Amino acid sequence: MQSKRYAVTGGIGSGKSTVCAILAKKGYPVFSCDEISRELWQDGAYRRALARLFPACTKGGEVEKKALAAYVFADPRRLARLNAYTHPIIMEELLRRMEGHAVSFAEVPLLFEAGFETRFDGVIAVRREEALRLDAAAARDGASREEIRLRMRSQFDPTRYEEKNCLIAENNGTREELERCVDRLLATLGVPAPCGRGA
Ligand code: ADP
């Protein structure tokens, strides 16, 4: 069986999770790097490795998630060091989970930053105006607009998606419009309907 793996990417607050929820509702298998990352944080060996890499972010020998986030987002070199350790682990686990599905999708926030686009058969990039993203992401993550803006600056520039030969979901309207956009993109990709869901 030939299997097709698609990545869903986009900046913080662009609507990646929303697109993935739409795909999951349609019955497609959908996986998430953030979910894998959260699971890895439960793993002692992973946390110990992070504590060794970032001793400045530990308390009583344990790495602290919030302290680590503040530390790495303050300096791109620190962020690069964190990503160099975590990204390959997360990506291998993601691809393992996608194995064996005829068609599957994965939410991959830092796809282009990590250079992982070649591991997929196609990419859907979700794009939303910055003003719309700021408030929603700040409210969702309990962060300030400034913190969200800082994270945005460290992410791939959405005006460059065209260069990357991906399908773009413009998400500046309602959720219903986004759903219709996802339908159009699925038709463009020519992916079959999920098992048992008919055409
Ligand atoms: P991401 O996963 O890219 O960070 P989300 O899918 O979580 O983004 O969307 C960020 C916030 O914006 C969420 O609260 C989501 O419900 C909201 N949102 C996304 N797209 C729309 C839309 N088209 N209309 C209204 N709210 C939206």
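As the structure is a prediction and not an experimental result, all values here were calculated from the model. When a ligand or atom number is given, it counts from 1 through the structure's own listing order.
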For the atom pair CZ (Arg128) and CG (Leu134), what is the distance rounded to the nearest 0.5 Å? 11.5 Å
Testing Glu146, Glu130, Glu147 one by one against Arg153 for a salt bridge (charged side-chain N to carboxylate O under 4.0 Å, His left out), which residue passes? Glu130
For Tyr6 and Phe120, I'd like to know if the aromatic rings sit close, meaning centre-to-centre distance below 6.0 Å. no
Which value, rounded to the nearest 0.5 Å, describes the distance between Asn171 atom CG and Lys16 atom NZ? 11.0 Å
Name the orientation class of the two ring planes belonging to Phe31 and His101 (parallel below 30°, tilted from 30 to 60°, perpendicular beyond 60°). tilted
With rounding to the nearest 0.5 angstrom, report the CZ to OG distance, Arg97 to Ser32. 9.0 Å
Sort out the contact shell of ligand 1: every protein residue with a heavy-atom distance below 4.0 Å, listed by chain and number. Gly11, Ile12, Gly13, Ser14, Gly15, Lys16, Ser17, Thr18, Glu107, Arg128, Ala136, Arg140, Asn171, Gly173, Thr174, Arg175
